[in-house]
There are 2 protein chains.
Amino acid sequence: MGLKLTSNIEDYLETIIMLHKKNRVVRVRDISRKIGLSMPSVCAAIEVLSKKGLVNHEKYGYIELTREGENLGEKIYDSHKILIKFLKEILNTDPQTAEKDACKIEHGFSANTIKRLIAFVKFVETCPHPEGADWLKSFNYFYKYGKRPKGYKVRKIKEKS
Amino acid sequence: MGLKLTSNIEDYLETIIMLHKKNRVVRVRDISRKIGLSMPSVCAAIEVLSKKGLVNHEKYGYIELTREGENLGEKIYDSHKILIKFLKEILNTDPQTAEKDACKIEHGFSANTIKRLIAFVKFVETCPHPEGADWLKSFNYFYKYGKRPKGYKVRKIKEKS
DNA sequence: AAAGAAAGTTAGTCTAATCTAATATTACTA
DNA sequence: TAGTAATATTAGATTAGACTAACTTTCTTT
C-alpha cells in the first residue's frame, strides 16, 4: 500500500483539514455534507486514508489526522489557498468561480509550480508603484476595455547602487 | 446522450486536434502513442466521441473531427496553450513541468477564468516599461532571492489627460 | 499475390468512485 | 430509561476508464 493518492482522496483529506480547523472534531457526516457525497462514499474514502496511515478512525468514532495526514493535507490546502488568491486578487474572478476552479485544479500543479505561484502572488502584491494595486487596477481596465488606461506612463529611475 | 464530457474524453479530443494539426490524418495508433494508452482504450474513447457526434469514424478507418468536435477541441487546446504560456513565460517553470501541469489543469478552468488568463498574459506581455520583460526579470530575481532586485525604483509620471 | 507485419477491434477483467437500501450503533429527548 | 432520531457502516449495484489476450482487417514487402 504505497502513498500514491488519487486527487479524489486528496479532496477528502483537504476537506478534513478544513473541518478540523473550524470544528476541532470531524465526523463522517460533516465531511459528507461539506463535500456533497453520501456517507458510504465518505466511509470508503476514510477507510483508504486510514490504510494509508493518514487518518485514525475507530468505528463510529471521530476522524483524526495523523501527523503525516496533517502535513499532506496542509500542503494541499496551501495550494488551494494560493490558487484562490491568484484567481480572486489577481485575475479578479468572482468568488464562486474562483472557489470552483481552485477545487478542480489544485491537485494538478506540481510542487515547484506552486512555489512559483506563491512567489508570484507575493511579488505582485508587494509591487512598488506603479505596480501593486494600481497595476491590478490597470489590468482590470485592460480586461474590460482591451487596452491600458490612459493617464500615466512610467519610467525607470536608476539609483546609484 | 448529452454533450457532457469527462475531462478524460476531452483529453482524447485535444490529442486528436493536435495530431490533426500536424498529420492531417489521425489513426487509433497515433492517438495511442501520443497519449500513452492502449489501443483498446483509445477505441473505446473514440466510440464515445463518435456517439457524441464529435468525430466520425468508420471501422478500420481514419478518425475525423466533425465541425462541432473541432470547435470544442480548439477551445480545449486554446486553454492548454494559454496555460503553457502563463507557466513558461510568466512563472518561468521549466518546459516539461509546464507541459505536465498544463495537461492536468486545463480542464479545470471555467471559460471566464480562461478569458481572464488570456487577458492577463497579454497584459503582462505588453506592459510598458518597467514592467514587461524587465518586470518578469524582476520577478525571476524575486523568486530566486526572495526580494526585489536593487538598482531601480519607479515613479509615476502623470500626463495631462 | 501470398505471407507476415501492423493496425484495429472485441471480449472479458480490474479498480476507483460513486450510489441506494438495509442494518447497526450512538445520541437525544420526553 | 425507553424510544426515536441521527449517524455510521455494510452489502450490493453501477459507471467510467483502464488493461491483456485473442481475433480481424488492412498494409507492406518480397
Side-chain angles (χ1 to χ4, degrees), chain A residues 1-16 19-20 22-65 72 76 103-108, chain B residues 1-16 19-20 22-65 72 76 103-108:
Chain A
M1 177 73 60
L3 195 44
K4 206 57 165 304
L5 300 189
T6 61
S7 32
N8 186 39
I9 286 297
E10 289 188 350
D11 279 332
Y12 284 101
L13 198 55
E14 189 188 352
T15 304
I16 294 168
L19 289 169
H20 181 70
K22 83 163 74 147
N23 300 348
R24 215 177 58 265
V25 140
V26 181
R27 286 162 306 173
V28 173
R29 177 91 260 185
D30 302 328
I31 301 170
S32 167
R33 274 202 249 267
K34 175 92 179 176
I35 213 168
L37 296 175
S38 73
M39 292 214 290
S41 301
V42 174
C43 272
I46 297 299
E47 179 71 19
V48 172
L49 285 169
S50 175
K51 282 200 180 134
K52 305 251 183 198
L54 299 167
V55 303
N56 291 130
H57 183 225
E58 287 174 28
K59 269 193 187 177
Y60 299 100
Y62 294 138
I63 293 149
E64 297 191 342
L65 289 158
L72 185 53
I76 296 161
C103 282
K104 285 211 223 145
I105 64 185
E106 68 197 359
H107 310 287
Chain B
M1 176 73 63
L3 196 43
K4 205 57 163 305
L5 301 189
T6 62
S7 33
N8 184 38
I9 287 296
E10 290 188 350
D11 279 332
Y12 284 102
L13 199 56
E14 188 188 354
T15 304
I16 294 168
L19 289 169
H20 181 70
K22 82 163 74 146
N23 301 347
R24 214 175 59 267
V25 141
V26 181
R27 285 162 307 173
V28 172
R29 176 91 261 185
D30 303 328
I31 300 171
S32 168
R33 273 202 250 269
K34 176 93 180 178
I35 213 169
L37 296 175
S38 72
M39 291 214 291
S41 300
V42 175
C43 271
I46 297 300
E47 179 72 17
V48 173
L49 285 169
S50 175
K51 281 201 182 134
K52 304 249 183 198
L54 298 168
V55 304
N56 291 130
H57 183 224
E58 287 174 30
K59 269 193 186 177
Y60 300 100
Y62 294 137
I63 292 150
E64 299 192 340
L65 290 158
L72 185 52
I76 297 162
C103 282
K104 285 211 222 144
I105 64 186
E106 66 196 1
H107 310 288

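Numbered from 1 within each chain, the chains take letters A, B, ... in sequence-line order. In what follows, every heavy atom counts, from backbone to side chain, and hydrogens, waters and symmetry copies are set aside.
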### Task
Would you please confirm or rule out a distance under 4.0 Å between OP1 or OP2 of dA8(D) and any side-chain N or O of H57(A)?
no
d([atom1], [X]; [atom2], [N]) in whole Å:
X: R27(A); N: dC28(C); atom1: CZ; atom2: C1'; value: 13 Å
X: I35(B); N: dA18(D); atom1: CD1; atom2: C1'; value: 12 Å
X: E47(A); N: dA8(D); atom1: CD; atom2: C1'; value: 13 Å
X: I63(A); N: dA8(D); atom1: CD1; atom2: P; value: 7 Å
X: I46(B); N: dG8(C); atom1: CD1; atom2: P; value: 10 Å

Distance in Å, [X] [atom1] paired with [Y] [atom2], rounded so as to fall on 0.5 Å steps:
X: M39(A); Y: R33(A); atom1: CE; atom2: CZ; answer: 8.5 Å
X: S41(A); Y: I31(A); atom1: OG; atom2: CD1; answer: 12.0 Å
X: R29(A); Y: K34(A); atom1: CZ; atom2: NZ; answer: 15.0 Å
X: I9(B); Y: I46(B); atom1: CD1; atom2: CD1; answer: 8.0 Å

### Query
Can you name the residues that form a salt bridge (charged side-chain N to carboxylate O under 4.0 Å, His left out) with D11(A), not counting sequence neighbours?
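Once residues adjacent in sequence are excluded, D11(A) has no partner under the salt bridge (charged side-chain N to carboxylate O under 4.0 Å, His left out) criterion.
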### Task
Could you pull out all residues at least two apart from E47(B) that satisfy salt bridge (charged side-chain N to carboxylate O under 4.0 Å, His left out)?
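Result, salt bridge (charged side-chain N to carboxylate O under 4.0 Å, His left out) vs E47(B): K51(B).
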Just the table, please: protein N/O against nucleotides 23-29 of chain D N/O, every pair under 3.5 Å.
none

### Main-chain N/O of E10(B) paired with S7(B) side-chain donor or acceptor, under 3.5 Å
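No; judged by distance alone, with no hydrogens or angles, the pair does not exist.
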Give me, pair by pair, the N or O atoms of the protein and of nucleotides 16-19 of chain C that are less than 3.5 Å apart, along with how far apart they are.
| from | atom 1 | to | atom 2 | distance (Å) |
| --- | --- | --- | --- | --- |
| dA17(C) | OP1 | T6(A) | OG1 | 2.3 |
| dA17(C) | OP1 | N8(A) | ND2 | 3.4 |
| dA17(C) | O5' | N8(A) | ND2 | 2.9 |
| dT18(C) | OP1 | N8(A) | OD1 | 3.3 |
| dT18(C) | OP2 | N8(A) | OD1 | 3.2 |
| dT18(C) | OP2 | N8(A) | ND2 | 3.0 |
| dT18(C) | OP2 | Y12(A) | OH | 3.0 |
| dC19(C) | OP2 | S38(A) | N | 3.1 |
| dC19(C) | OP2 | S38(A) | OG | 2.8 |
| dC19(C) | OP2 | S41(A) | OG | 2.4 |

### Task
Begin with the C-alpha distance, continue with both residues' side-chain angles, and end with the deciding distance and a verdict on side-chain contact (heavy atoms from CB on, under 4.5 Å) for L5(A) and L54(A).
CA-CA 11 Å; L5(A) 300 189; L54(A) 299 167; 3.8 Å; yes
### Task
Identify the residue among I35(A), I63(A), V42(A) that makes a side-chain contact (heavy atoms from CB on, under 4.5 Å) with I16(A).
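Per the side-chain contact (heavy atoms from CB on, under 4.5 Å) rule, the option paired with I16(A) is I63(A), out of I35(A), I63(A), V42(A).
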### Closest heavy-atom pair and its distance - L49(A), L13(A)
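For L49(A) and L13(A), the tightest heavy-atom pair comes out as CD2-CD1, 4.1 Å.
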### Query
S32(B): what forms a side-chain hydrogen bond (donor to acceptor under 3.5 Å, both in side chains) with it, not counting sequence neighbours?
none
### Query
When you check every protein heavy atom under 4.0 Å of nucleotides 1-6 of chain D, what one-letter string (B, S, -) results, 5' to 3'?
------
